[in-house]
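Here's the structure, in structure tokens; my notes come after.
All chains are named by letter (A, B, ...) in the order of the sequence lines, taking the proteins before the strands, and each is independently numbered beginning at 1.
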Protein chains: 2
Amino acid sequence: MVIEVGDGEGLSARQRQVLDAALALLVAEGDRLTMTGVARCANCSKETLYKWFGGRDGLLTAIVQWQASGVRIAPVGTGTIDRPALAARLERFAADWLAVITSPTSVALNRLAVGHAGTGEADLGRTVLANGRFALARRLKPVLEAARAAGLVAFDDAEEAFRTFFGLVVRDVQIRLLLGDRARPEGAAIAADAARATTQFLALYGVRSRPARAGQT
Amino acid sequence: MVIEVGDGEGLSARQRQVLDAALALLVAEGDRLTMTGVARCANCSKETLYKWFGGRDGLLTAIVQWQASGVRIAPVGTGTIDRPALAARLERFAADWLAVITSPTSVALNRLAVGHAGTGEADLGRTVLANGRFALARRLKPVLEAARAAGLVAFDDAEEAFRTFFGLVVRDVQIRLLLGDRARPEGAAIAADAARATTQFLALYGVRSRPARAGQT
DNA sequence: GCACAGCCGTACCGTACGTTACGGTTCGGT
DNA sequence: ACCGAACCGTAACGTACGGTACGGCTGTGC
């Protein structure tokens with residue numbers, strides 16, 4: 001199965017406007033998003049919505065893909081990999097990821113996809129996973145493997161190492177937000193969490209190289 | 001705010017039957033659960049459903065509380081606390097928790113609550129969190145604090161330690177299941193994951209006492 | 001035996017919303 | 001200036017479902 005990662009290439013400027021409006025409405029209204037509401041809020045006709053997106057499912061799918069195309073995790077960058085650089089990079093990933101999953105937009109989209117999972121053909125959940133968790137893994141694994149090649153960390157399976165990192169970063173934050181708990185960390189807390197997760201990950205997988213005790217945050 | 005943890009005390013046998021049927025239907029149908037469907041499936045009339053539960057929201061709330069009353073995490077038990085006992089207890093918690101959150105029932109219920117979060121007054125999300133994540137924390141924290149008192153582990157904040165343990169146990173499993181990914185670990189994998197999470201948690205928080213190198217799993 | 005309460009099954013009502021259809025308007029091409 | 005395509009705004013249709021009403025059945029207290 002091929003998941004359309006959708007960089008919003010085939011969309012006209014007007015269509016992007018409509019999707020922006022729909023996304024904003026989704027964040028505000030949640031799953032009560034209605035075709036009439038989108039049309040009114042986007043100043044377009046329902047007929048146009050149906051022509052462009054085929055129906056409600058198509059619109060929702062387009063919204064998910066459109067938002068995904070706007071999420072950009074820190075590019076990997078192929079610089080030298082020493083211990084401080086690795087820590088900085090992991091911390092950056094963690095902070096970016098926390099910022100994404102705690103954003104109202106991401107929460108609304110994940111709620112939509114969760115509620116929609118297992119029903120219908122569109123399978124928004126698959127798309128959200130492809131653009132979220134799996135996209136993150138795709139970006140992070142090369143970093144982990146480069147670090148392993150440089151002797152900084154040790155693990156058998158990059159996938160397992162990634163999942164541990166994921167757990168250390170996300171913890172209970174995402175599920176709590178999805179379930180409506182007010183627990184959204186702001187800037188400073190996110191930075192602190194990212195640093196803690198990185199430290200813990202390196203404590204679990206890091207290789208104690210030489211005496212080098214410096215730069216442990 | 002007081003959350004009704006609901007041990008199903010005020011329910012007649014017949015009402016439990018109805019809730020069981022409704023829960024089964026919820027697992028099968030997802031959010032498309034309909035009052036008519038519940039009535040048909042439970043061999044009762046809609047009038048009775050409305051009389052007993054007040055409406056759809058009331059029924060959903062009753063379903064959530066009813067299922068929560070059936071979930072039992074390993075009781076804490078106040079035995080001696082040495083390193084192997086601590087590891088065994090953590091592993092037990094982790095395995096129980098993984099079994100719960102990966103069960104189709106839990107997935108269906110969490111999907112329902114997530115989709116329902118932020119809308120309406122019932123606030124199923126709050127109930128699910130109270131009976132899930134927070135109930136787990138309530139059970140686990142005394143164990144962690146007893147272990148700290150015994151000098152086995154070290155941490156400043158039991159809440160933070162719990163959240164780390166939670167992350168190490170759950171990782172990406174729950175969000176993937178909620179989003180419809182087929183990634184349900186079965187018995188052996190759950191046991192392995194529980195052991196790994198426990199080992200990692202003790203590696204992060206455990207106090208290296210004396211030479212004692214035995215019993216590291 | 002009988003009145004009555006509780007419940008089942010079903011029919012019914014009102015609404016919300018997805019979907020379709022249509023008249024009017026804007027705009028680019030010729 | 002004219003034509004056609006695309007699009008806006010709105011009205012209309014059909015259905016699904018939450019909620020309500022009612023007739024019939026069963027079991028229990030007197």
Kindly write out the residues that satisfy side-chain contact (heavy atoms from CB on, under 4.5 Å) with A:Ala94, not counting sequence neighbours, or none if the list is empty. A:Phe165, A:Val169, A:Ala194
Of all residues at least two apart in sequence or in a different chain, which pass the side-chain contact (heavy atoms from CB on, under 4.5 Å) check with B:Ala189? B:Pro185, B:Glu186
Pairing donors with acceptors under 3.5 angstrom, does anything connect the side chains of B:Asn131 and B:Thr127? no
What is the distance, to the nearest angstrom, from the OH atom on B:Tyr50 to the C1' atom on D:dA21? 13 Å
Salt bridge (charged side-chain N to carboxylate O under 4.0 Å, His left out), that's the test. Do A:Arg16 and A:Asp20 meet it? Break it down for me. CA-CA 6 Å; A:Arg16 292 164 212 248; A:Asp20 276 333; over 6 Å; no
Nearest-angstrom distance from the residue atom CE of B:Met35 to P of D:dC17: 13 Å
Please check: side-chain N/O of A:Arg184 versus main-chain N/O of A:Arg182, any donor-acceptor pairing under 3.5 Å? no
If the helix axis at each end comes from five base pairs, how far does the helix from C:dG1-D:dC30 to C:dT30-D:dA1 deviate from straight, to 10°? 10°
Residue pairs involving residues 99-118 of chain B (criterion salt bridge (charged side-chain N to carboxylate O under 4.0 Å, His left out); sequence neighbours excluded): none
Short question: side chain of A:Thr199, backbone of A:Ala195 - any donor-acceptor pair under 3.5 Å? yes
Any donor-acceptor pair under 3.5 Å linking the side chain of B:Glu91 with the backbone of B:Ala88? no
Just checking B:Leu49: base, sugar-phosphate only, or nothing, at a heavy-atom cut-off of under 4.0 Å? nothing
Spell out protein contact along nucleotides 3-10 of chain D as letters: B when the base is contacted, S when just the sugar-phosphate is, - when no protein heavy atom is under 4.0 Å; keep the 5' to 3' order. ----SBB-
At their closest point, which heavy atom of A:Leu177 faces which heavy atom of A:Ile101, and how far apart are they? CD1-O, 4.0 Å
side-chain contact (heavy atoms from CB on, under 4.5 Å) partners for B:Asp193, two or more places apart: B:Leu98, B:Arg171, B:Arg196
Using only atom types and a distance under 3.5 Å, with no angle test, would you say the side chain of A:Ser106 pairs donor to acceptor with the backbone of A:Thr102? no
Could I get a table of every N or O pair under 3.5 Å where one atom is in the protein and the other is in nucleotides 25-29 of chain D?
none

Donor-acceptor pairs under 3.5 Å, side chain of residues 140-149 of chain A to any protein atom, not counting sequence neighbours: which ones?
from	atom 1	to	atom 2	distance (Å)
A:Lys141	NZ	A:Glu159	OE1	2.6
A:Arg148	NH1	A:Phe155	O	2.9
A:Arg148	NH1	A:Asp156	O	3.4

Could you pull out all residues at least two apart from A:Tyr205 that satisfy ring-ring contact (aromatic ring centres under 6.0 Å, His included)? A:Phe201
Heavy-atom contact window of chain A on DNA chain C, given 5' to 3' at under 4.0 Å: C:dC17 to C:dC22
Can you spot which of A:Thr61, A:Asp31, A:Asp57 makes a side-chain contact (heavy atoms from CB on, under 4.5 Å) with A:His116? A:Asp57
Among residues 107-114 of chain A, which residues get a heavy atom nearer than 4.0 Å to DNA chain C? none
So, using side-chain contact (heavy atoms from CB on, under 4.5 Å) as the criterion, who are the partners of A:Ala183 when residues are at least two apart? A:Arg176, A:Asp181
Touch class at under 4.0 angstrom, heavy-atom based, for B:Leu59 against every strand present: nothing
